[in-house]
Amino acid sequence: MTEKIVQSDPDCIFCKIVAGLIPSKVVYQDEELFVFNDIHPWAPVHFLVIPKMHIPSMAQIGPEHAGLLGRMMTLAPQLAVQEGCNPYPDGGFRMLCNTGAQGGQEVHHLHIHVMGGPRPWLKG
Ligand code: 5GP
Ligand code: ZN
């Protein structure tokens with residue numbers, strides 16, 4: 001299945017969150033990225049880093065997205081500490097990116113889960 005990259009998909013729940021049509025607990029945003037708390041957290045800290053642009057998954061990522069992905073990856077550790085993850089190495093956090101049905105992806109707008117805080121966690 002080939003899915004086109006569009007700026008925003010009116011049927012996408014995360015595009016609606018970016019547009020403010022669905023409320024969320026916003027952690028951070030800038031011109032191209034949006035970060036908000038997961039509605040069903042697995043861990044004491046659990047937020048999602050997404051591009052504002054509707055990219056369905058990692059399967060649509062090409063070399064032209066290197067900068068965007070780099071920004072998502074480098075923002076995550078900063079926000080993890082800000083949101084209450086304990087310092088590395090005794091603390092730390094998990095970054096996870098489910099891709100496609102067999103990869104466990106439920107929402108088809110690219111997102112990186114960032115989870116942390118004291119264990120036990122609900123999952124993972
Ligand atoms: P996936 O399984 O696609 O990797 O993860 C999707 C995540 O989005 C899930 O952890 C789920 O709890 C979260 N999620 C789904 N709908 C909403 C919503 O409306 N608001 C927020 N904040 N999170 C959502
Ligand atoms: Zn979307």
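Read the numbers this way: they start at 1 and go in the same order the structure lists the ligands and their atoms. Only this structure's heavy atoms are used, side chains among them; waters, hydrogens and symmetry mates stay out.
- In this structure, Q105 contributes its side chain and P56 its backbone to a donor-acceptor pair below 3.5 Å.
- Minimum-distance N/O/S atom of H109 relative to the Zn ion (ligand 2): ND1.
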**OP:** Take F34 and F14 through the ring-ring contact (aromatic ring centres under 6.0 Å, His included) test and state the conclusion after the steps.
**Re:** CA-CA 10 Å; F34 196 86; F14 284 0; 9.5 Å; no

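- The N, O or S atom of H54 lying closest to the Zn ion (ligand 2) is ND1.
- Judged purely by atom type and a 3.5 angstrom limit, Q60 uses its side chain to pair as donor or acceptor with the backbone of S57.
- The two residues W121 and G116 come nearest to each other via the heavy atoms CZ2-CA, 3.4 Å.
- With H46 contributing its side chain and W42 its backbone, the two residues share a donor-acceptor pair below 3.5 Å.
- Side-chain atoms of K25 never come within 3.5 Å of backbone atoms of F47 as a donor-acceptor pair (strictly under, hydrogens ignored).
- With respect to H111, the ring-ring contact (aromatic ring centres under 6.0 Å, His included) criterion is satisfied by exactly one of H109, H108, H113: H113.
- Contact residues for ligand 1 (protein heavy atom closer than 4.0 angstrom to any ligand atom): I13, F14, I17, F36, N37, D38, I39, H40, L48, N98, G104, Q105, E106, V107, H111, H113.
- With a cut-off of 2.8 Å, the Zn ion (ligand 2) has an N, O or S atom of C15 in range.
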